[in-house]
Amino acid sequence: MKRVLIIRCGALGDLVYATSVIDALKAQYGEDTLIDFVATPSSAAIFKKDPRVHHIFPLQHKKIPLPLSSQKKAVVNASRKEPYDILINFEHGKQFSSLIEKIQAEKKIGAQLTEPKIPEGVTHMVDIIRYTFKELVSEEIFQKSFPRLVGSDKEEMRKKYGLSKNFLIISASNSHQKRNRINYRAWDNAHWRELIARTAQEKEVVIIGAPSEREFFKELLPYPQNVVDLVGKTPLADLIGVIEAADALVATDTGTAHIASAVNTEVFALIGPTPANVTGPYKSLYNKVHIISLNLECSPCYKTERMKQCRDNICMKGISTDMVYERMHQAAVF
């Protein structure tokens with residue numbers, strides 16, 4: 001039995017990308033392959049009902065040096081008691097260097113350890129991760145290695161939350177919702193209200209969001225009939241199941257869009273400043289991803305001086321409700 005440790009800390013989307021390695025390892029080395037993760041606690045909740053993952057080492061504060069970090073020392077000590085066969089590191093930050101060095105593993109690959117051969121034109125973070133572990137698996141397995149999540153059973157989620165057989169999800173918030181500056185990835189609330197009203201005339205609409213985002217969603221009230229409000233009501237494992245049960249999900253470039261693409265639920269992603277070909281929801285052999293963008297000359301600009309100088313995120317505001325609604329109709333969501 002192989003024992004593998006994977007290091008991937010960061011936002012929810014970052015960890016979703018890394019799940020492409022799980023099935024690949026199981027297919028290559030056997031279903032009894034033991035897979036542990038070092039991950040940020042909030043993001044690692046996606047593994048709560050995932051039988052493929054054996055253990056999570058939580059790492060809340062990445063910058064604390066190893067000698068002062070009880071969480072980092074716990075990882076090292078566990079590896080000394082039972083050394084790993086393989087360590088896969090997906091973190092580039094120097095704050096992980098000493099941790100990587102001290103972990104006991106027969107083979108170590110990944111960032112700061114090996115240089116994967118990335119073909120020209122390959123840009124998406126999922127593919128960068130896939131090529132990072134490519135040397136460990138056969139070509140056939142590599143070609144089928146994509147992000148996949150396991151959450152609560154989708155049929156149980158329909159019953160638990162009283163959802164109909166056919167519904168779509170609107171995920172209006174994103175991780176920058178509460179920051180004290182322009183939320184460059186956000187779509188106007190007026191557009192969201194209009195989209196909710198129009199789509200609810202065609203099919204049941206489920207609104208999702210985190211408990212901390214309830215104040216934001218008050219701006220979208222009152223909801224019309226045929227809308228189910230699940231904001232703050234679904235633990236992450238349940239949220240995965242709800243998204244898997246849906247016919248489609250509409251969101252900006254945020255974690256729920258990545259979850260949808262990883263459970264093969266059709267995604268309509270409204271994207272402006274971020275590079276869809278790098279960090280957008282990932283298009284695999286098994287899912288449908290629709291990128292809705294104005295493709296302005298100034299986009300993408302995320303984390304650049306151009307974005308810092310921007311005082312009005314026209315790349316998002318200019319996406320009309322009609323554009324989104326018509327794209328959904330073209331895809332036969334209704």
Side-chain angles (χ1 to χ4, degrees), residues 8 10-20 22 37 39-53 56 58 146-178 185 187 192 196 199 203-218 220 223 227-270 280-282 284 286-289 333:
R8 187 51 167 153
L12 180 61
D14 298 323
L15 194 54
V16 173
Y17 297 157
T19 62
S20 57
I22 300 174
F37 270 83
T40 307
S42 57
S43 299
I46 64 171
F47 294 135
K48 185 172 183 179
K49 294 196 175 179
D50 192 335
R52 302 171 303 165
V53 178
I56 302 295
F146 303 113
R148 186 170 76 89
L149 296 175
V150 178
S152 301
D153 180 78
K154 63 181 182 179
E155 296 306 324
E156 291 181 6
M157 294 303 95
R158 290 186 203 275
K159 296 176 183 177
K160 181 176 180 178
Y161 296 106
L163 306 176
S164 64
K165 182 178 179 181
N166 298 104
F167 65 92
L168 63 88
I169 293 175
I170 288 183
S171 176
S173 59
N174 63 55
S175 58
H176 290 188
Q177 212 66 59
K178 299 182 77 173
R185 293 187 290 163
W187 202 37
W192 283 121
I196 291 169
T199 53
K203 182 176 287 190
E204 182 175 88
V205 173
V206 175
I207 310 294
I208 61 172
S212 61
E213 297 169 331
R214 286 194 179 98
E215 284 300 313
F216 163 75
F217 282 94
K218 287 181 180 179
L220 306 184
Y223 297 131
V227 171
V228 178
D229 182 2
L230 292 187
V231 174
K233 299 175 183 177
T234 53
L236 193 49
D238 281 9
L239 181 63
I240 293 169
V242 169
I243 292 175
E244 186 178 7
D247 293 336
L249 176 141
V250 186
T252 56
D253 188 359
T254 192
T256 52
H258 301 301
I259 291 174
S261 66
V263 296
N264 299 333
T265 291
E266 195 160 357
V267 187
F268 295 84
L270 285 55
Y282 185 75
S284 74
Y286 311 112
N287 64 14
K288 294 180 181 179
V289 174
V333 169

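Of all the heavy atoms in Pro147 and Ser20, the pair that sits closest is N-CB, 3.6 Å. Taking all atoms of both residues into account, the shortest heavy-atom contact from Ala39 to Ala44 is CB-CB, 3.9 Å. When all heavy atoms are compared, the tightest approach of Ile196 to Thr199 is O-OG1, 3.3 Å. Closest approach of Thr265 and Ala246 over heavy atoms only: CG2-O, 3.6 Å. Across Ala172 and Phe217, no two heavy atoms sit closer than the pair CB-CE2, 4.1 Å.
At least one side-chain heavy atom of Pro51 sits under 4.5 Å from a side-chain heavy atom of Val150. Proximity of Phe268 to Glu266: side-chain heavy atoms (C-beta onward) are separated by under 4.5 Å at one or more points. You'll find the side chain of Val267 stays beyond 4.5 Å of the side chain of Asn287, heavy atoms only. Between Thr234 and Tyr161, the closest side-chain pair of non-hydrogen atoms falls below 4.5 Å. Leu230 is not listed as a side-chain neighbour of Ile207, based on a closest heavy-atom distance of 4.5 Å or more. Counting heavy atoms from C-beta outward, Val242 and Lys154 have side chains that stay 4.5 Å or more apart. Here the side chains of Tyr223 and Val205 are not in contact, with every heavy-atom distance at 4.5 Å or above.
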Apply side-chain contact (heavy atoms from CB on, under 4.5 Å) to Ile259 and Leu249, showing your working.
CA-CA 10 Å; Ile259 291 174; Leu249 176 141; over 6 Å; no
Walk me through it: do Lys159 and Glu156 pass the test salt bridge (Lys or Arg N to Asp or Glu O under 4.0 Å)?
CA-CA 5 Å; Lys159 296 176 183 177; Glu156 291 181 6; over 6 Å; no
Steps toward side-chain contact (heavy atoms from CB on, under 4.5 Å) verdict (Phe47, Leu15):
CA-CA 10 Å; Phe47 294 135; Leu15 194 54; 3.7 Å; yes
Given Val250 and Ile169, is the side-chain contact (heavy atoms from CB on, under 4.5 Å) satisfied, shown in steps?
CA-CA 6 Å; Val250 186; Ile169 293 175; over 6 Å; no
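Residues His258 and Tyr17 bring their aromatic ring centres within 6.0 Å.
Put simply, NZ on Lys48 and CD1 on Ile240 are 11.5 Å apart, with the number rounded to the nearest 0.5 Å. Note that OG of Ser171 and CD1 of Ile243 are 7.0 Å apart. Values are rounded to the nearest 0.5 Å. Taking CG of Leu236 as the reference point, atom CG of Leu149 lies at 8.5 Å (rounded to 0.5 Å). To the nearest 0.5 angstrom, Arg185 atom CZ is 10.0 Å from Ser173 atom OG. For the atom pair CH2 of Trp187 and OG1 of Thr252, the computed distance is 10.5 Å after rounding to the nearest 0.5 Å. Distance CD1/Ile170 to CD1/Ile208: 10.0 Å, rounded to 0.5 Å.
Remark: the backbone N or O of Leu168 is not paired with any side-chain donor or acceptor of Asp247 at under 3.5 angstrom. A donor-acceptor pair under 3.5 Å is formed between the side chain of Lys203 and the backbone N or O of Val333. Checking side-chain atoms of Thr40 against main-chain N and O of Ser42 turns up no donor-acceptor pair under 3.5 Å. Side-chain atoms of Arg158 come within 3.5 Å of backbone N or O of Ala245 as a donor-acceptor pair. Distance alone, capped at 3.5 Å, is enough to place a donor-acceptor pair between the Glu213 side chain and the Ala210 backbone. Although no hydrogens or angles enter the test, the distance criterion places no donor-acceptor pair under 3.5 Å between the side chain of Thr254 and the main chain of Thr256. A donor-acceptor distance shorter than 3.5 angstrom exists from the side chain of Thr19 to the backbone of Arg148, with no hydrogens or angles considered.
With sequence neighbours excluded, the residues that form a side-chain hydrogen bond (donor to acceptor under 3.5 Å, both in side chains) with Lys160 are Asp238. Looking at residues two or more places apart in sequence or on another chain, you find no side-chain hydrogen bond (donor to acceptor under 3.5 Å, both in side chains) involving Glu244. By the salt bridge (charged side-chain N to carboxylate O under 4.0 Å, His left out) test, Arg214 is found to be paired with no residue, residues two or more places apart in sequence or in another chain being considered.
By the 30° and 60° cut-offs, the orientation of the rings of Phe146 relative to Tyr282 is tilted.
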